[in-house]
Structure formats: structure tokens, C-alpha cells
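See structure below.
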Amino acid sequence: MLFFNYYLPDYRKATTAVFSVMAFTHLFNVFNMMSLNLSIFKIGFSSNKYLAFSLAVSVLALLVVMNLPFLQNIFGFATLSLGELGLIFILCSFVLWGGEIYKVVKNRKRS
């Protein structure tokens, strides 16, 4: 969906959007994998300091690669606006919400 919205006007923006979706989706999914039974809201997002640090570094690295002109040229990326990044962030968070719903349903079946 995002790729085709950006493809004709700006191919580099399209590839940046798709790469961002894949990367941020994986980063959100890390929270699902902290426990297959307990909610991340019970465990806490920063309960594992090393994981929290590595996620922060990963997000920072993604933003740097997407916004520094030198690295943009190497990776073939384009700058995304704050609104576009916000939309991507919201879309990618669905994997977290889906995992949380799965855990609720799974735990209700056990009870």
C-alpha cells in the first residue's frame, strides 16, 4: 500500500517507506517475544535494560540512515516527513496489538 502511494512520484521514498515498515514491525514484535503468555504491559517495556537500549539504538540508527544525505545516497533512501513516519509507526504497532490480543485470548482459554 505505502509502496504504491509513493512509487510514481518518488521511487526512493517508496523504498524508504517499505524498508521502514519492515524494520519497525520487527522492532515492535520484539515486545511480543519477551513472553508468549504475559502482556508487555505487565512485564514492562524497560524490564530488560539491554533490550531497551538495543531497541533505542536500532531506532536511532534507522532514523540516521533515513535522514543523513550521505547515508541516504548509499542506501537509496529519501527523507520521510514526521507525518509519514507517524503513519508508519502506527501501522507497525499493529503487530504489538495483535500479539497482545492473542495473549489475552490464549490465557482465557486456559482458565
Side-chain angles (χ1 to χ4, degrees):
M1 176 179 107
L2 283 173
F3 183 79
F4 293 112
N5 283 343
Y6 294 123
Y7 179 70
L8 290 178
D10 189 352
Y11 179 77
R12 289 176 70 148
K13 198 169 219 178
T15 56
T16 305
V18 170
F19 179 81
S20 300
V21 166
M22 291 189 314
F24 283 118
T25 299
H26 285 289
L27 293 177
F28 270 107
N29 200 41
V30 166
F31 293 118
N32 284 330
M33 296 298 111
M34 287 179 71
S35 172
L36 297 178
N37 298 315
L38 296 175
S39 169
I40 186 62
F41 299 104
K42 286 185 180 180
I43 297 171
F45 286 93
S46 62
S47 61
N48 183 333
K49 303 292 185 210
Y50 298 111
L51 180 62
F53 177 75
S54 66
L55 288 171
V57 169
S58 297
V59 169
L60 181 64
L62 280 167
L63 294 175
V64 166
V65 167
M66 291 187 314
N67 290 298
L68 281 180
F70 170 72
L71 293 174
Q72 283 179 334
N73 290 333
I74 291 173
F75 289 96
F77 288 162
T79 302
L80 298 175
S81 72
L82 195 56
E84 291 165 335
L85 281 173
L87 175 64
I88 288 170
F89 195 77
I90 290 168
L91 288 173
C92 295
S93 73
F94 287 146
V95 74
L96 174 66
W97 304 118
E100 289 298 307
I101 291 168
Y102 168 78
K103 291 174 191 179
V104 168
V105 170
K106 180 179 170 184
N107 288 333
R108 281 191 183 159
K109 285 184 179 180
R110 281 188 185 170
S111 302

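What you see is a predicted model, and the numbers here were worked out from it, not measured in a lab.
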Ignoring hydrogens, what is the shortest heavy-atom contact between [X] and [Y]? Give both atom names and the distance.
X     : Y     : value
Thr79 : Gln72 : OG1-NE2, 2.6 Å
Leu80 : Lys13 : CD2-CG, 3.6 Å
Thr16 : Ala78 : OG1-N, 2.8 Å
Leu27 : Ser58 : CD2-CB, 3.9 Å
Asn32 : Gly99 : OD1-CA, 3.5 Å

Hey, is the main chain of Leu51 close enough, under 3.5 Å, to the side chain of Ser54 for a donor-acceptor pair?
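Side chain of Ser54 to backbone of Leu51: a pair is present.
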Separation of [Y] [atom2] from [X] [atom1] (nearest 0.5 Å):
X      : Y      : atom1 : atom2 : value
Asn107 : Tyr102 : CG    : OH    : 9.5 Å
Asn29  : Ser93  : CG    : OG    : 12.0 Å
Phe31  : Asn48  : CZ    : CG    : 10.0 Å

Mind listing the side-chain donor-acceptor pairs of residues 39-46 below 3.5 Å, one per line with the distance, residues two or more places apart or on another chain?
{"residue": "Ser39", "atom": "OG", "partner": "Phe41", "partner atom": "N", "Å": "3.0"}
{"residue": "Ser39", "atom": "OG", "partner": "Glu100", "partner atom": "OE1", "Å": "2.5"}

Side chain to side chain contact (heavy atoms under 4.5 Å, CB included) evaluation trace for Ser47 with Met34:
CA-CA 10 Å; Ser47 61; Met34 287 179 71; 3.3 Å; yes
Sub-4.5 Å side-chain heavy-atom contact between [X] and [Y]:
X      : Y     : answer
Lys106 : Leu36 : yes
Asn73  : Arg12 : yes
Phe94  : Phe28 : no

Hydrophobic clusters here meaning ILVMFWY residues chained together by side-chain heavy-atom distances under 4.5 Å, can you tell me if Phe77 and Ile74 are in one?
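Yes.
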In terms of hydrophobic clustering (I, L, V, M, F, W, Y; side-chain heavy atoms under 4.5 Å; direct or indirect links), are Leu85 and Leu68 co-clustered?
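Yes; tracing contacts between hydrophobic side chains, which count when under 4.5 Å, links both residues.
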Other cluster members, Val105 - Ile/Leu/Val/Met/Phe/Trp/Tyr, side-chain contacts below 4.5 Å
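Besides Val105, the cluster holds Ile101.
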Please list, one pair per line, the donor and acceptor atoms closer than 3.5 Å that link side chains of residues 59-66 to other protein atoms, with sequence neighbours excluded.
none

